[in-house]
Structure formats: C-alpha cells, structure tokens
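Everything below concerns the one structure shown next.
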There are 4 protein chains.
Amino acid sequence: MTQSTPAAPVPNRRDRILDAALDVVSEQGAIRVTYRKIAAAAGVPLGSVTYYFDDLHQLLTEAYTRLAEAVSQRYRDLLDAARTSEEAQEAVVDIVCGEAWSSERDPLLTYELYAFAARNPELRTVMSNWLQSSREALARHFDPLTARALDALVEGFALHNYFDASPTSRADIAAIVRTVAERHKHPEPHP
Amino acid sequence: MTQSTPAAPVPNRRDRILDAALDVVSEQGAIRVTYRKIAAAAGVPLGSVTYYFDDLHQLLTEAYTRLAEAVSQRYRDLLDAARTSEEAQEAVVDIVCGEAWSSERDPLLTYELYAFAARNPELRTVMSNWLQSSREALARHFDPLTARALDALVEGFALHNYFDASPTSRADIAAIVRTVAERHKHPEPHP
Amino acid sequence: MTQSTPAAPVPNRRDRILDAALDVVSEQGAIRVTYRKIAAAAGVPLGSVTYYFDDLHQLLTEAYTRLAEAVSQRYRDLLDAARTSEEAQEAVVDIVCGEAWSSERDPLLTYELYAFAARNPELRTVMSNWLQSSREALARHFDPLTARALDALVEGFALHNYFDASPTSRADIAAIVRTVAERHKHPEPHP
Amino acid sequence: MTQSTPAAPVPNRRDRILDAALDVVSEQGAIRVTYRKIAAAAGVPLGSVTYYFDDLHQLLTEAYTRLAEAVSQRYRDLLDAARTSEEAQEAVVDIVCGEAWSSERDPLLTYELYAFAARNPELRTVMSNWLQSSREALARHFDPLTARALDALVEGFALHNYFDASPTSRADIAAIVRTVAERHKHPEPHP
DNA sequence: CATGAATGAGAATTCATTCAT
DNA sequence: GATGAATGAATTCTCATTCAT
C-alpha cells in the first residue's frame, strides 16, 4: 500500500512482452516497432523489455516463432480432428477461410512474418518446420504430393482472398479443393 | 565552362532513387530503410532524396507499386505468349519456378510488399489490380474459377518453395497444375 | 574569399568541438566524457557534435592528435629558439618545469592521452611522430643518443614531479641535465 | 552433506574481482569498464561485485593501488638484490626493459593508472609513496639526486620505448644509465 | 551472506526534416 | 532546381543500483 511495489513477481512477464510485441506489429507494422511501444503495450517499464531481450531483433524472432508455432498447431489440430477425407477437405477449406487464425490480427502478422523470415535464418527454419508439419498433417488424409498441392492452395487462396477486392467464395474454393484432393480417382489423361 | 559544370540534368534521378529504395529494402529489410541509406544506394546526396520525396512512406508506396506492376506485367507477358492450353500450363509452372522474377531480390521484395500492402490502402488497390490482371491473363486459357485456382497455386507454391528446405520439384508442380487445369475434362464424381 | 561560404556562419565549429572535448576530459576525466557534455562545453546542440563526428572514439582521437601536435610544436619551438648548448639545456629544463604546456590542463591531458594512445593505433603513430620530432629538435644541439636521453629525462622528471609530494627542484634538474648533456666532454670510464 | 553444498566460502572472491577489473581495464580501456564486464571477467554474478564494492570508483582505486604496490615491490626487489653499483645499474636497465612488469598488461595499466591518479587524491598518495619507495631503493646504491635522476630516466625510457617505433636499445640505455650513475666520479666542468 | 530480478536514468547514435545558399 | 549544413527528436541499448529472497 506504500508508494512503490518494486520487483513484483510477475509470472509470465517475458511472455507478456512477446505478445505485446506482436500486438504492436499488427497495429503499427514491423517498421514502426520500438522497445518503447512494446513496453507500453505490455504495461511494463522500458528497462524490463531490455532486461529480458538483449536486442529487438531477437525479441521479434522469438515473437514470430511463437506465432508460427501457434498457427501451425491450430492448423494441425483442425486436420487431426478430421475422420474422413471429406472432413479433411472441409478442414482445408476452413483453414483458407480463416479458421486457423486465432485472432483478427493473425493473417496480417503472418505476412509480416514472411517478410521477416525471408531475411532471418532462424525463422527460415521455423517456416520450414511449419511447412513440414502442415504436410504431415495433410498426409494423414492424402498422398504426399496431394498434400503439398493442398498446402499450396491453402496458402495461395488465403493470401489472395486477403487482398482481393472480389475474393473467391467458399463454395468455389471447396470445388477446387475437391478437384485436387480427388485427383487420383480418375485416370490421368497423359501419364 | 571548365570551371564548373552546373548540375547536369540527371535524367531519371527520381527513378534511380525508387530503385535504390528497393535495393535497400531487399538488402536490409523494410525495418531498416532510411532516407540516408536510399541516398547512399542511389549515389545521390541526402538532400536530393528529400527533394524528390517529401515523405518516406510515399516513396516506398511508389517503389512497391512499380515493383508490383513490373512483376505483374512479366506474368502477363509469359501467359500471353502461350498459344495452347499446354503452353499456358507450362507458363504457369515457369512462373512458380521464378521466371516472372526479373532479379534475385524480387521474391523477397514481394513478401515485403505484402506486409507493407496489408496496411496501406493505396497498395491494397495495386495488389487487387495485380490479382485481377493475373486472372484475366489466365482466363484467356482457362475458365474463370480455374484461373483463380491456378493463380492461388502459383502463389502458394512459389511462396512455399521459397521457404521450403525440401521444395516441390518442377515435375510435381507440373502434375498438380495439369490436374487443376484439366479438371473439367472428366466428369466430377459428385457435383 | 569570393568563392562561396555556403551556410557556414560559424567559422570553426568543428574545432570548437574538439577543444571542448579536451576541456571535458581535463575537467572530468576521459571516463566521464559524453557527447552531451562536449556539446554543452562547446555551446552547440547535441546534434551538431554527432553531425561532425560519427563516433566518440574518432572525436577523441582527433582531439588528442591536435593536443599532441600542439605540445610537440611548442616543445620544438622552445628548442629551436636556443642558440647554444647552454641555452638548449635551459630549454630542456624549462620544458620539464612546464614551459611547454600552453595551459594548466595540459599535463593532465597528456596522461589521459598516453592511456588512450596505448590502445589506439592511430594515436600510437602520433605519439611515435612526436617522439621523433622531439629527438630531431634535440639533435640540433646534442648527439643522437644524448638527445634520446634528454628526452627520456624530460618525460620522467615531468611525470614524477607532477605526482611527487616532494618534487625535484629546478636546480637539481638542471644539474642532472648538464651531466647528461655534457657526458662526452670527459672520457667514459669504460667504453 | 550429499544434499547441498551450501555456498562454499570462496576464498579470495574480492581479490578475484579486483584482478578482473584490471583485466577489463587492460583489454578495453578505463572508459569502458563496467560492473557487468568486471563480473563477467571474474566469473561471478553481477550482484556479487556490487555486494563487495559499493562504488565502482572505489573498486578501481583499490585495484590500481594493488597494481602500484605490486610493481613498486618488484622494482624494490630487483634493486635490493643488487650487491654493487654495477649490479644496481644493471637492475635499473632491466627495469626500463620491462623486468619489473609481472605481465604484458602492466605497462598499459600503468598509463591508465597515471590518468586515473591525476584526478584521484587517494591514488596520488599511492603514487607519491611509490616514488619515494623507488628513490629509497635507489638511494642504497646512489646519492639522493642521482637516485632521482635514475628514477626519472627509468620512467622516461620505459614510457618512450613503449610508444616508440624505433626504441632505444638496451646497450644505449645502459650507456646513459652509466653516465648518470657515475656522474660524480669525474669533476663536473662547472660546479 | 549472496544473488537474480527488475528498473530508471542516461548513454551513443540515427534520422527526418528544415533551411540558407 | 538542388544540396550541404544543421538540429531536435527519437531510438536502441547499457548500466548502476536497488530489492526480495
């Protein structure tokens, strides 16, 4: 009840800061991220941020890694819940349509992540793991190449719809997904 | 005359600066772009950059717009050159495999562009136009939904292969492209 | 004169900053030197100091170099003014007793300079030139080895007297200087 | 007993810290010394350094004092070991040539010490004691003024040779030392 | 006794921007 | 029109120092 409660044993202060960093990125863009803004968003003193993270780059690397792993996990969960190929297709369409995002900010953050990862070896590894994990999840329902194709479709449709003034409808996406998912059910025209 | 050459009218100084800006973005990332670095990369004095561009944000918007239009144009050119559906499929695979990039830095810059565009209305419009232009180019060879599907596939495979430690081979991509491109040649199992 | 003095109303701003840096070093010690203090001492805005000097280390290197050259010049001047060996000896004693300092702060700054130079290749060169220059000035009056000896004596006595609670008197120093200066006037005991 | 070894009483942790401080000074310069670096160099936690030393300035004062006393002691030992004037001269030359340093870093640290002492009363006393101790050691072999002269010579030659691109050879130093040491063996030209 | 956590203050440095020429 | 000089405002990051344990 006195003036200052110094050194309060905040439990997940480090994690709070990482989350706050993503908040700032999503609200202002990676270009505008600063220690100060992260500290303010996390509700901790500036010195606290620099105490936990030696440099901003490392902080962002960790934050994006957490993001990638969370989205990746949700993606897997959705696919793992599918019992039949049809349910798996449904899950794929859900993912394209945003079901793998846990919040509004996620797609935007993902594009920031791609830009960041393009120049950051540590995050390239994370991205590569994410890709592999997605494929494995898909490969429980589809053959390996089909899994890759569906993964690419998901990525492309999600991205395009995010920017598209006239996005592709869910029904149309479902039709395309079916075409790819069931491509082996009919003989290929040319081998 | 010999004394002083009074500021030779440099022709495309403005364009040089825009290109230099993309060079800086590709080398250091959008987070690190500054007037000074752009000036250095363009080989012009700092005052020159601020003279031509009042605002760094506007400079980047112009630079990314040029990039988007250049890549988009190249994409259309590749598709327009195709005479048959098979050639068009080939062009699609070429694009995935990097033929639409005019330089090494382009894919990386594209991901920076997405992040930038996600928060910039002016560039969202550019992106949307790009999408529309791509589809129109594809629609000369495929039906509208197939065009969208192929466009998404291109985007997804290009992006995934950029980050993937074990990228999908050209032959595999070609197989998927064929499946999608020729999806109407056989009766669908279920409507 | 007629050329053009573009936007430089302040004549020697750069030099003013270098002098101010030495003022701060002499008043607070090298450990406490900061851009801010230098700016305050020079009466210029902080941004001005960083405009002229990219980093503090380079600023100090320049400042110390100027100091070394100024003291060295004064040393030479005193010796060059001597017409006879006796006058040269007198000059040497003067130097020990502080005549080569242009201000109170100089000896103190010199010891800061030594510490700084010990770890700075650029200043080691400056120091080495200073030594050579001193010797050449002395060598106009004495043989080369005697010049070195006198130079060492000057350094040692100046330094010791600076710290000594009971410094060596001018007369005693003069006696020693004479011994060394005239060491060839009598046969050496052993060759 | 097997459970926990309750903080083994580290014997000379305090001394370890003092030595580490000098290591940091010699490696990075006094300007860059910090508690953190000292802690790292000593291999102790940061809190340990601030626990033993309330004040960085005091820590450095103690460290430099130890250094001064160690060098001074070694200086005396070398001179005390001399049995004849010739041996004492030899010892003096040894000292100039670095025999009094117990490590490579010592000369460098000595110049940092001078800079530090110039502004620190406590260390001025240490320096003054060192000077007196040197003279007493020399005075066992030479008359008082000669002792002072030799002490100054040692200082000057050591310092100059440390910075000199073409240092004075041991033989030349020995010749000068002899001149000074034996200055009373022949009648002075002028009294 | 000893130390890890935490933080406020201040450091160097960078930079967009302004302005006189 | 074009540019070098200049500066105020941030920014990242370092650090001494303070506590709770």
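All chains are named by letter (A, B, ...) in the order of the sequence lines, taking the proteins before the strands, and each is independently numbered beginning at 1.
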I'd like to compare against my own output: the B/S/- annotation of nucleotides 9-15 of chain F with a strict under-4.0 Å heavy-atom distance to protein. --BBBBB
Tell me if a side-chain donor or acceptor on [X] pairs with a main-chain N or O of [Y] at a distance below 3.5 Å.
X	Y	value
D:T65	D:T61	yes
D:D55	D:H57	yes
A:Y35	A:L56	yes
C:R119	D:S26	yes

For E:dT7, take OP1 and OP2 only and decide whether either is under 4.0 Å from a side-chain N or O of A:R13.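 Looking at the OP1 and OP2 atoms of E:dT7, one of them is under 4.0 Å from a side-chain N or O of A:R13.
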In this structure, which stretches of DNA chain F are paired as stems of three or more consecutive Watson-Crick or G-U pairs, both distances less than 3.5 Å?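 Consecutive-pair runs (3 or more) involving DNA chain F: E:2-21 with F:2-21.
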Are the side chains of D:M127 and D:L113 in touch, meaning some heavy atoms are under 4.5 Å apart?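 Side chain of D:M127 against side chain of D:L113, heavy atoms only: contact under 4.5 Å found.
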May I have the distance from B:I38 (atom CD1) to E:dT14 (atom P), rounded to whole angstrom?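 Computing the B:I38:CD1 to E:dT14:P distance gives 17 Å.
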Between F:dA5 atom P and C:N12 atom CG, what is the distance in whole Å?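 Taking atom P of F:dA5 as the reference, CG of C:N12 is at 14 Å.
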Mind checking what makes salt bridge (Lys or Arg N to Asp or Glu O under 4.0 Å) contact with C:D23, not counting sequence neighbours?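 C:D23 satisfies salt bridge (Lys or Arg N to Asp or Glu O under 4.0 Å) with C:R105 once adjacent residues are dropped.
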Decide whether a cation-pi geometry holds between A:R124 and B:Y162; the criteria are a distance under 6.0 Å from NZ or CZ to the six-membered ring centre and an angle within 45° of the ring axis.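 The answer is yes; both the distance and angle limits are met.
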